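Worksheet: one structure, shown below.
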Protein chains: 2
Amino acid sequence: MTTHGEGSLKKVFRDNQLKATPQRLDVLKLLMTCSEHLDAEEIYQRLLKKKKNVSRATIYRTLEVLVEHDFVRKLDFGDGRMRYEQNQNPEEHHDHMVCQVCGKVIEFYNPKIEDLQELVAQNHNFVMLSHTMHIYGLCSECAEGHNGNE
Amino acid sequence: MTTHGEGSLKKVFRDNQLKATPQRLDVLKLLMTCSEHLDAEEIYQRLLKKKKNVSRATIYRTLEVLVEHDFVRKLDFGDGRMRYEQNQNPEEHHDHMVCQVCGKVIEFYNPKIEDLQELVAQNHNFVMLSHTMHIYGLCSECAEGHNGNE
DNA sequence: TTTTAATTGAGACGCATTATCATTTGGAAG
DNA sequence: CTTCCAAATGATAATGCGTCTCAATTAAAA
Ligand SMILES: [Mn+2]
Ligand SMILES: [Mn+2]
Ligand SMILES: [Zn+2]
Ligand SMILES: [Zn+2]
């Protein structure tokens with residue numbers, strides 16, 4: 001469990017010629033200590049609760065910067081808004097299952113699928129830079145209410 | 001190469017208790033004779049050129065209906081608008097590679113990946129109802145300009 | 001032909017995100 | 001510690017895709 005001191009967070013920005021403003025530190029710190037997949041509004045509200053006032057515009061701008069520098073991943077689960085999560089280990093890219101009933105997000109990492117994706121790309125002389133794979137359906141809990149054997 | 005007569009297109013709607021209006025037939029016919037991945041505005045413009053005036057609202061409504069009844073697939077390539085394609089053989093679900101330079105879309109079908117997706121879902125007691133997998137990067141043509149061996 | 005519920009078109013509206021711009025500030029230089 | 005200015009922020013206007021509203025039209029059943 002990595003404990004990020006204030007200093008190491010500042011380093012994240014300064015190493016990339018970016019000012020380490022309190023607003024940026026607040027957004028980054030929140031994402032680094034959160035396992036959920038938050039959207040911009042949720043980030044705004046959570047910071048508000050902690051008396052950290054960061055304007056929505058700045059949240060969007062900060063997220064853009066963090067995504068550009070690979071500290072954060074931007075995810076689209078198809079519900080009309082983007083979600084964000086820390087990009088812990090970029091080499092072990094995880095994908096997502098999203099329950100269409102309760103919204104729960106389950107993460108998974110499957111090296112076989114990753115390899116096959118790379119293979120498919122190569123077969124088409126396509127240079128893969130990124131990929132997304134989302135499985136939509138019913139989580140185990142929500143599936144119980146939908147089948148006959150309960 | 002399936003040639004859809006006007007009559008068979010009407011059947012598509014009537015079989016689902018939907019009025020076979022000229023607007024709906026125009027939208028469906030366009031998609032059935034098109035291999036591209038069009039967005040709503042492109043559909044609107046193409047119909048305009050053919051003197052087929054269908055309002056944007058009706059295009060959206062028709063697409064919604066066609067997607068609901070599995071005649072059309074709705075795709076999100078992450079560029080801020082939805083794209084649509086005919087759903088030829090639902091049992092052989094194809095996925096997409098999207099070139100981030102020229103926008104070209106390459107389709108592929110990989111049964112191994114499909115199987116692994118189902119397996120992953122089962123391992124989490126997750127009922128997979130649908131899935132998306134997009135590979136983003138550079139198509140063969142656009143990659144030439146980006147590497148050193150040209 | 002009559003009848004009516006479904007559909008359409010025009011435009012208002014919603015909502016996530018981006019752009020604008022005057023004001024503030026991080027941090028480098030001295 | 002001050003000075004200084006490009007970078008960053010906040011307030012809010014603007015954008016753009018998509019949905020909603022509602023009066024007028026129409027498919028198609030009777
Ligand atoms: Mn995740
Ligand atoms: Mn396709
Ligand atoms: Zn669920
Ligand atoms: Zn290309």
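These figures come from a predicted structure and were not determined experimentally. In the text below, chain A, chain B and the rest are named by the order of the sequence lines, each starting its count at 1.
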A/D26 to A/L47 - nearest heavy-atom pair and separation: O-CD2, 3.8 Å
Derivation of the side chain to side chain contact (heavy atoms under 4.5 Å, CB included) call for B/T62 and B/L28: CA-CA 8 Å; B/T62 301; B/L28 180 56; 6.0 Å; no
Below the 4.0 Å mark, does D/dG18 have OP1 or OP2 next to a side-chain nitrogen or oxygen of B/Y60? yes
Calculate the interatomic distance between A/R81 atom CZ and C/dT18 atom P; express it in whole Å. 15 Å
For the pair made of CG in B/D26 and C1' in C/dT7, what is the distance, rounded to whole Å? 14 Å
To the nearest angstrom, the CG-C1' distance between B/D76 and D/dG18 comes to 13 Å
Nearest whole Å is fine: how far is D/dG16 C1' from B/M82 CE? 13 Å
Rounded to whole Å, the OH-P distance (A/Y44 to C/dT17) equals 15 Å
Nucleotide nearest B/A57 (side chain, heavy atoms from C-beta), chosen from D/dG18, C/dG9, D/dG10: C/dG9
Nearest heavy atoms of A/N16 and A/V12, plus distance in Å: ND2-O, 2.9 Å
Once you round to the nearest 0.5 Å, how far does CG of B/L48 lie from CD of B/E41? 8.5 Å
Less than 4.0 angstrom between a side-chain N/O of B/T58 and OP1 or OP2 of C/dG9, yes or no? yes
Between CG of B/L25 and P of C/dT8 the distance, given in whole Å, is 10 Å
A/H94 and A/E85: side chain to side chain donor-acceptor pair (under 3.5 Å), yes or no, with the steps? CA-CA 11 Å; A/H94 72 255; A/E85 69 174 349; 3.2 Å; yes
Out of curiosity, B/F77 CZ to B/R83 CZ, how far, rounded to the nearest 0.5 Å? 7.0 Å
For B/D79 and C/dT18, what is the distance between atoms CG and C1' respectively, to the nearest whole Å? 16 Å
Find the distance B/R56:CZ to C/dT7:C1' and express it as a whole number of Å. 19 Å
Does this structure show an ion pair linking A/D76 with A/K74, if we count only N-O contacts that are shorter than 4.0 Å? no
Annotated protein contacts, base or backbone, on nucleotides 21-30 of chain C with a non-hydrogen cut-off under 4.0 Å, one of B, S, - each: ----BBS---
Students often get this wrong, so: under 4.0 angstrom with heavy atoms, is A/N53 touching a base, only sugar-phosphate, or nothing? sugar-phosphate
